[in-house]
Amino acid sequence: MVEPLYYQMRSVGVKPDVKTFTILIKALCKDNEIDSALGLLKQMSSVHGLVPNQVTYTTVIHGLIEEDRMEDALNLWKLMESNGCIPSTNTYNVLVHGYCQQGRLDEAVMFLEEICGSGFCPDTVTFNTIVNGFFKQGRLEEAAKLLEEMCVSGFYPDTVNFNTIINGFCKAKEMGIAADMLYKMVEGGFKPNIATYTTLISGLCRSNQMGPALRLLKQMSSDHGLVSNKEIYTNLIGGVFKQDRVEQSLELWKEIDSNGCIPGNLTYNRLLHWFCRHGRVEEAARLLEEMSGVGFCPDTVTFNIIINGFCKKGRVSEATRLLKEISGTGFCPDTVTINTIINGFCKAGETGKAVDLLEKIVEEGFKPNVVTYNTLISGLCKRRKYQEARRLLDEMVVRDCVPNIVTYNTMIHAMSKEGKMEEVIELLSELTKKGLEPN
RNA sequence: GAUUCAUUUCCCUCAG
């Protein structure tokens with residue numbers, strides 16, 4: 001994407017300057033084209049006679065660090081110095097961040113001391129980077145100590161500092177302290193931003209503290225004019241959901257609607273699944289229709305949930321009808337879809353139809369998996385069709401499906417219920433021969 | 001035109 005642009009510029013006779021190169025390099029880094037970025041860095045001096053500056057080097061060093069290539073980053077820093085380019089505060093901050101990202105906190109601190117010794121002045125970003133690193137490793141005392149050191153050195157905390165601290169305590173499940181920090185922050189005259197609330201509300205949701213979380217949702221707009229985002233809603237819905245407060249989660253969905261930030265399919269699928277689990281498949285289907293109207297794009301999982309919902313109620317014909325309906329609209333059923341319907345037939349006692357379906361899909365080139373066979377074998381055993389179950393057990397191997405412990409458990413369970421102990425023993429030895437553990 | 005905080009990996013569908 002970026003390189004063609006560069007050649008295009010050249011072909012029209014535009015001579016890029018250092019700044020332009022840096023922008024191009026940055027774009028390459030963002031596209032995970034760090035090696036092309038390195039190439040371009042070389043080219044700018046060798047081909048174009050341009051001297052990379054602080055910003056250029058820092059950009060590339062940052063790109064390397066994003067790719068976890070810390071040693072390369074350090075080498076480039078040395079090269080930069082030997083080329084007479086003095087690193088800036090940003091350059092050092094990037095390197096400190098590199099150490100922290102790799103979890104090398106002690107080296108980060110050493111590095112900081114080293115560069116301070118050679119006259120470098122750290123800033124809030126430097127401190128915050130390391131503080132964040134400590135928090136990420138759960139080293140709360142060290143984080144606190146460094147924060148104090150930062151303050152006595154005459155640096156005032158800023159919003160990002162507070163966010164880092166709040167996030168740190170959230171990750172440490174210290175929700176009380178995290179929530180307190182927000183108050184301290186406001187008291188101290190600092191403005192919380194969307195990151196502050198995203199961190200805190202998400203943390204509260206994960207700790208099942210839905211009351212405070214919902215209160216903060218209101219507060220963020222009333223007190224600070226902040227607009228909630230997808231992340232926040234996703235966590236709120238997930239949270240109220242865990243507590244089975246579905247009606248409340250539906251209310252949140254309505255709010256989202258008017259905000260235009262639609263959570264991902266995962267959240268939505270969970271909601272539909274909840275209804276299906278509770279035997280309320282109609283409501284799920286109706287919700288799906290409503291949501292499709294407002295721009296939600298159902299995926300394979302979505303349809304599998306609804307199909308399974310019908311099957312679980314014994315309404316397999318409706319499930320297959322839905323499948324036909326959506327197949328016409330470009331939806332591709334997967335193995336789970338097929339397994340779901342096969343299971344539906346089995347549970348309805350229609351094992352004949354289940355086996356037929358397997359044959360049909362295999363003819364169409366569909367690949368069954370272990371679950372397909374386990375489902376069928378279980379269904380056949382329940383109807384006491386043991387010969388056919390056994391036939392499938394042999395067939396599945398031919399079709400590249402390796403029987404697992406569930407397969408054997410199903411068979412063994414059936415055989416022992418029938419008192420066919422010789423069969424049980426044979427199956428047990430078959431299973432151990434395959435390296436499986438009986439359980 | 002470059003650096004630190006939330007947002008990629010807690011979690012969605014099928015057999016047992």
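Comparing the same atom, C1', in B/C10 and in B/C14 gives a spacing of 22 Å after rounding to whole Å. Comparing the C1' positions of B/A6 and B/A2 gives a spacing of 22 Å, expressed to the nearest Å. Taking atom P in both B/U8 and B/C12, one finds a spacing of 16 Å when rounded to whole Å.
We find that A/Asp35 and A/Arg69 are joined by a salt bridge, their nearest charged nitrogen and carboxylate oxygen being less than 4.0 Å apart. Between A/Arg139 and A/Asp106 a salt bridge is recorded (basic side-chain N to carboxylate O distance below 4.0 Å). Ion pairing of A/Arg399 with A/Glu359 is present here, as a side-chain N (NZ or NE/NH1/NH2) and a carboxylate O approach within less than 4.0 Å.
Think of the region where chain A sits on RNA chain B: with heavy atoms and a 4.0 Å cut, that region ends 5' and 3' at B/G1 to B/G16.
In this structure, A/Asp31 contributes its side chain and A/Glu33 its backbone to no donor-acceptor pair below 3.5 Å.
Applying the side chain to side chain contact (heavy atoms under 4.5 Å, CB included) test to A/Gln101 and every residue at least two apart in sequence or in another chain returns A/Ile65, A/Glu66, A/Asp68, A/His97. With sequence neighbours left out, the side chain to side chain contact (heavy atoms under 4.5 Å, CB included) criterion links A/Pro298 to A/Leu288, A/Ser292, A/Phe296, A/Thr302, A/Phe303. Considering only residues two or more places apart in sequence or on other chains, A/Asn128 meets the side chain to side chain contact (heavy atoms under 4.5 Å, CB included) condition with A/Val160, A/Asn161, A/Thr164.
When the options A/Leu200, A/Thr199, A/Leu217 are evaluated for a side-chain contact (heavy atoms from CB on, under 4.5 Å) with A/Ile232, the one that passes is A/Leu217. Looking at A/Glu423, A/Glu430, A/Glu395 one by one, the single match for salt bridge (charged side-chain N to carboxylate O under 4.0 Å, His left out) with A/Arg390 turns out to be A/Glu430.
A donor-acceptor contact under 3.5 angstrom links the side chains of A/Tyr57 and A/Asn83, judged on distance only.
A/Thr56 comes within 4.0 angstrom of a nucleotide base, judged by non-hydrogen atoms across all strands. Nucleic acid contact for A/Thr198: base, since at least one base atom lies under 4.0 Å from a heavy atom of the residue. Among the heavy atoms of the strands, none lies under 4.0 Å from A/Asp17. No engagement by A/Thr196 is indicated, since no non-hydrogen atom pair under 4.0 Å with the nucleic acid exists. In this structure, A/Lys26 reaches the sugar-phosphate backbone alone: every heavy-atom distance under 4.0 Å involves primed, P, OP1 or OP2 atoms, never a base. Residue A/Ile305 is in sugar-phosphate contact alone, with no base atom involved, counting any heavy-atom pair closer than 4.0 Å across all strands shown.
Residues from residues 123-137 of chain A lying near RNA chain B, meaning a heavy-atom separation below 4.0 Å, are A/Val125, A/Asn128, A/Thr129, A/Asn132, A/Lys136 in numerical order. Using a 4.0 Å cutoff on non-hydrogen atoms, the parts of residues 58-67 of chain A near RNA chain B are A/Thr58, A/Thr59, A/His62, ordered by number.
Ring planes of A/Phe111 and A/Trp77: perpendicular class, angle over 60° (limits at 30 and 60°).
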